[in-house]
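These values consider heavy atoms only, across backbone and side chains, with no hydrogens, waters or symmetry-generated copies.
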Amino acid sequence: MISIQNLGTSLRVAGPDGWTEEFAASPANQSSRYQAAATHDAVVIDGREALLMKKGSTPLTCRR
């Protein structure tokens, strides 16, 4: 299970093994695509689903 916290212009994502990562809106003026600057990992929000893409891992679809 992962947790996604909306911080307004960014997201904080926390994983089950204790990792956390901040994702900034990309581009800055929207609210559905987010990217972590250091790792280029990404989150795309679409309604009640979120797609988490981490380098070297299979993308994960999360639902509320």
Inset, instruction - Determine the minimum heavy-atom distance between A36 and E22, stating which atoms define it. - result: CB-O, 3.5 Å

Legend entry - Nearest heavy-atom neighbours spanning A24 and S10: CA-CB, 4.1 Å

Inset, instruction - With sequence neighbours excluded, tell me which residues meet side-chain hydrogen bond (donor to acceptor under 3.5 Å, both in side chains) with R33. - result: none

Which pairs would a plain distance check flag for residues 46-56, meaning a side-chain donor or acceptor within less than 3.5 Å of a matching protein atom at least two apart in sequence or in another chain?
{"unit_1": "R48", "atom_1": "NH2", "unit_2": "R64", "atom_2": "O", "d": "3.3"}
{"unit_1": "E49", "atom_1": "OE2", "unit_2": "R63", "atom_2": "NE", "d": "2.8"}
{"unit_1": "E49", "atom_1": "OE2", "unit_2": "R63", "atom_2": "NH2", "d": "3.0"}
{"unit_1": "K54", "atom_1": "NZ", "unit_2": "E21", "atom_2": "OE1", "d": "2.9"}
{"unit_1": "K54", "atom_1": "NZ", "unit_2": "D41", "atom_2": "OD2", "d": "3.0"}

Inset, instruction - State, to 0.1 Å, how close I2 and G15 come at their nearest heavy-atom pair, and which atoms those are. - result: CG2-CA, 4.1 Å

Inset, instruction - Determine the minimum heavy-atom distance between Q35 and S26, stating which atoms define it. - result: OE1-OG, 3.7 Å

Inset, instruction - For side chain to side chain contact (heavy atoms under 4.5 Å, CB included), just list the numbers for V43 and V13, CA-CA rounded to whole Å, side-chain angles, deciding distance to a tenth of an Å, and then say yes or no. - result: CA-CA 9 Å; V43 175; V13 179; 4.1 Å; yes

Legend entry - Atom of I45, atom of Y34 and distance for their closest heavy-atom approach: CG1-CE1, 4.1 Å

